[in-house]
Structure formats: structure tokens, C-alpha cells
2 protein chains.
Amino acid sequence: MTMTDDQLISILRDSGYKVTPQRLAICNYVLSSKEHPTAEHIHSEIVKKHPAISLNTIYQTMDMLIDLGLVQEMRFSGSSSRFDSNTSVHVNIICQKCSKIQDFESEGIRELWSRILAEMNVEPVGQRLDVYVLCDECKR
Amino acid sequence: MTMTDDQLISILRDSGYKVTPQRLAICNYVLSSKEHPTAEHIHSEIVKKHPAISLNTIYQTMDMLIDLGLVQEMRFSGSSSRFDSNTSVHVNIICQKCSKIQDFESEGIRELWSRILAEMNVEPVGQRLDVYVLCDECKR
DNA sequence: CTCCGTGCAAATGGTTTGCATCTTA
DNA sequence: TAAGATGCAAACCATTTGCACGGAG
């Protein structure tokens, strides 16, 4: 979910979070990324502009974004967490071999999923839909 | 997926795994459990009959069951893995507060899910469908 | 008799915590 | 100037690994 710095700053301030250059950089990167990056990956990106940034700050900022409902954390076996800034209903297509994650989103899927929810008769506060595949590259 | 000892023994032998009392006990417990237990939980159950059993053996046996396709591992933020012996398409209804997991399975859901897969045009090797809720107890 | 499984202890590694220092509001 | 954020180092803890012994085939 990409947004302007002004929008972002309002959201942080409204929730009582202070605005720092590190936070802006991390948020901008994570919220516009389609890669479902790991903390390590985010760090290696942000360190280019903020050479002293610590992994700790990445984790704390992720906690903030999760608290704000702007990011979802996905844990997997045998690898670090991935952070997903797509907060609408969507399917994560995940390659079993290379761990690449691709989002799939459509009106049809939202419709079918809402029917599944209706059948279960629950009030969801969130969801995670993973499909495990072998991506085209790994299939070779 | 409950099965007889004989069925289980065949499956293990056919795949080159040796049959031990510990393995049988762990498999019987996990494959019949509806609780999506943690390794710690499994250990505390098996230790009643096998007082010397180690956590290590639990983890290794889980690896074996995953390899055999009889169990799926589910990782979460801030807690240990849960092992799910329901290998058919189903939805995990997970309480955000107490981490209780309840399976939901029906013909309707399998049908709707297969339509979602058709729309995405992928060949899945597995899936994980989580819905996060507040369970009735935690809602109070 | 050989190989694999077990249990113990130690290592691993992603994540969290404690704390002194710096920044934001 | 008070509350909160940052960066460093140390702690944590679920999981994994190394290894000597024991049991399965």
C-alpha cells in the first residue's frame, strides 16, 4: 500500500508514534515492496541511506506497522519472517523451493472467499491464504 | 488421520523408516490429535508412557511425518510450531488471543476453494488457509 | 552385524530485551 | 524537557546438530 509521506506522517502521529527519518525510510520501502521482504532484506536496503541503522530498529518498526494494521507477518519453517504489506484479501503463491512469494488478487477471489467465510459463520479479524507451488523457474 | 498400527508400520517400512516404540507412540498421538499440538505439547503427552523421550525425538519424528506427507507444520509469530495432521483442504480458525485452532471442513468449502485455484491457474502442492478470530471464550 | 534411532548436551540463528544516548514534539 | 526512538550488546528460546550408545532388521 503506497502512500505519500504526509499521509504516513499523519497515521503515525495520530497513533502516538513519533516520526523519524529511519521510520519514514523503512515504511516507504516496506509499504511499496511487493517482495514480502525479510527483516534482513529490509535492513540491507535501508542501510544504503542510513548506514548506522540496526536490525533492531527494523523489527521495532515492523511491530509498529503490524500494530497499525498496515503489515502482516508471515512465518515459515526454516527461514525468517516475511512482511506482507498487502492487507486486502489475497492469495500468497509461494514456491516451495526458492521461497519466492507472489500475490494473487481479484474480485472473483474476494467473492469466493466471502462465501467461504459466510459458510463458516465467523467474524474474521484477518486471514492468510497460502498456496504452495513450484514456480516456473524451479520447475525446470 | 487415524490409522491402525499395521497400516502405520507398513507406511514407515515402505519408506525405509525403522519402527520403534517411540515413533509409534508419537505418530498415534499426533495423527489422531485435533489440537494442532506443539512439539512441547506432544512431548508432555508421550513422556507419560516413555519417560526418557527427548524433545529431539519429537522434532525428528515430526520431520519424518512431514516427509511422509502425513503432517503439516504451521509456524506463527511469538509461539512454537503447531503440527496439523489434517491433510485435506480445510480452514484453520485461529483465535488471536489464546491461539486455539479449530478446523473447518466441508464439501462447500472444497468446491469454492477449487474455484479459487482454477481462477489462479496454478498446480498446488499444498495450501494453508487461516482465518484469525476472537474465539467465544476470549470475546468475553 | 550394520545402520539407523535415541537421548543428552551443545550450538544455532532469528528475534527480543536492557540500557545509555540521542531525537522528536 | 519529557517521552519515546535508536543502536549496540547481551539474552532468549524454539529448533537443530554432534555424538556415543542402544535397538531394529
Side-chain angles (χ1 to χ4, degrees), chain A residues 5-6 8-27 29-30 36-44 46-68 71-83 99, chain B residues 5-6 8-27 29-30 36-44 46-68 71-83 99:
Chain A
D5 272 13
D6 285 352
L8 190 52
I9 290 171
S10 301
I11 294 175
L12 299 198
R13 293 234 169 95
D14 287 356
S15 303
Y17 288 107
K18 292 187 173 169
V19 175
T20 67
Q22 293 95 325
R23 277 193 176 159
L24 284 181
I26 296 170
C27 292
Y29 174 66
V30 172
H36 306 72
T38 63
E40 202 69 63
H41 187 166
I42 298 166
H43 183 262
S44 71
I46 305 301
V47 83
K48 295 174 186 169
K49 295 286 173 57
H50 297 267
I53 194 102
S54 70
L55 244 189
N56 186 354
T57 300
I58 308 295
Y59 279 112
Q60 291 186 186
T61 306
M62 290 305 101
D63 286 348
M64 180 190 76
L65 287 173
I66 291 166
D67 175 48
L68 293 172
V71 153
Q72 185 180 10
E73 181 179 1
M74 307 171 68
R75 290 221 173 166
F76 293 98
S77 309
S79 55
S80 357
S81 286
R82 310 282 291 256
F83 296 97
S99 301
Chain B
D5 272 14
D6 284 351
L8 190 52
I9 291 171
S10 301
I11 294 175
L12 299 198
R13 294 235 168 95
D14 287 356
S15 303
Y17 288 108
K18 290 185 176 171
V19 175
T20 67
Q22 292 96 325
R23 278 192 174 160
L24 284 182
I26 296 170
C27 292
Y29 173 66
V30 172
H36 306 71
T38 62
E40 203 69 63
H41 186 166
I42 298 166
H43 183 262
S44 71
I46 304 300
V47 83
K48 296 175 186 168
K49 295 286 174 56
H50 297 268
I53 195 100
S54 69
L55 245 188
N56 186 352
T57 300
I58 308 294
Y59 280 112
Q60 292 187 186
T61 305
M62 290 305 101
D63 286 346
M64 179 189 76
L65 287 172
I66 291 166
D67 175 47
L68 293 172
V71 154
Q72 186 179 8
E73 181 177 1
M74 305 171 70
R75 291 224 172 163
F76 294 98
S77 309
S79 55
S80 356
S81 287
R82 310 281 293 255
F83 297 96
S99 300

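Computed from a predicted structure; not experimentally measured.
The C1' atoms of five pairs define one axis at each end of the helix from C/dC1-D/dG25 to C/dA25-D/dT1, and these two axes lie 40° apart (to 10°).
One distance of note links CZ of B/Arg13 with CG of B/Leu8; it measures 10.5 Å at 0.5 Å rounding. Between A/Ser81 atom OG and A/Ile66 atom CD1 the span is 8.0 Å, to the nearest 0.5 Å.
Listed nucleotides: C/dT15, C/dC8, C/dT24. Nearest to the side chain of A/Lys18: C/dT24.
Contact between the side-chain N/O atoms of B/Thr20 and the OP1/OP2 oxygens of C/dT6 is found at a separation under 4.0 Å. A close approach under 4.0 Å does not occur between any side-chain nitrogen or oxygen of A/Ser80 and OP1 or OP2 of C/dG14. Residue B/Arg23 places at least one side-chain N or O closer than 4.0 Å to OP1 or OP2 of C/dT6.
A/Arg13 has its CZ atom 10 Å from the P atom of C/dT24, to the nearest Å. With rounding to whole Å, B/Ile26 atom CD1 is found 12 Å from C/dG5 atom P. Atom pair B/Tyr59:OH and C/dT12:C1' shows a separation of 13 Å (rounding to whole Å applied). Remark: C1' of C/dC22 and NE2 of A/His50 are 15 Å apart, rounded to the nearest angstrom. The distance between atom CG of B/Asp67 and atom P of C/dG5, rounded to the nearest whole Å, is 11 Å. Atom-to-atom, CD of B/Gln60 to P of C/dA9 comes out at 16 Å; the value is rounded to the nearest Å. Distance, A/His41 NE2 to C/dG14 P: 15 Å, rounded to whole Å. Taking atom CE of B/Met62 as the reference point, atom C1' of C/dG5 lies 15 Å away to the nearest angstrom.
If B/Val19 and A/Ala52 are placed on DNA chain D by their nearest nucleotide, the residue sitting closer to the 5' end is A/Ala52. Mapped onto DNA chain D by nearest heavy atom, A/Ile53 and B/Ser79 fall at different nucleotides, with A/Ile53 at the one closer to the 5' end.
Counting heavy atoms from C-beta on, the side chains of A/Leu12 and A/Met64 come closer than 4.5 Å. Under the 4.5 Å side-chain criterion, counting only non-hydrogen atoms from C-beta, A/Met62 is in contact with A/Ile26. A 4.5 Å side-chain heavy-atom check between A/Thr61 and A/Ile42 finds every atom pair outside the cut-off. At least one side-chain heavy atom of A/His50 sits under 4.5 Å from a side-chain heavy atom of A/Pro21.
Side-chain atoms of A/Arg23 never come within 3.5 Å of backbone atoms of A/Tyr17 as a donor-acceptor pair (strictly under, hydrogens ignored). A side-chain donor-acceptor contact under 3.5 Å links A/Arg82 to the backbone of A/His36.
The base of C/dG5 has none of its N or O atoms less than 3.5 Å from a complementary donor or acceptor on the side chain of B/Asn56.
Nucleic acid contact class of A/Pro21 (heavy atoms, under 4.0 Å, all strands): sugar-phosphate only.
Under the 3.5 Å distance criterion, with hydrogens and angles disregarded, no donor-acceptor pair is assigned to the side chains of B/Thr57 and B/Gln22.
Contacts between chain B and DNA chain D, taken as any atom within less than 4.0 angstrom of a protein heavy atom, begin and end at D/dA14 to D/dG25.
Ring geometry for A/His41 against A/Tyr29 counts as tilted: the plane angle lies between 30° and 60°, on a 0 to 90° scale.
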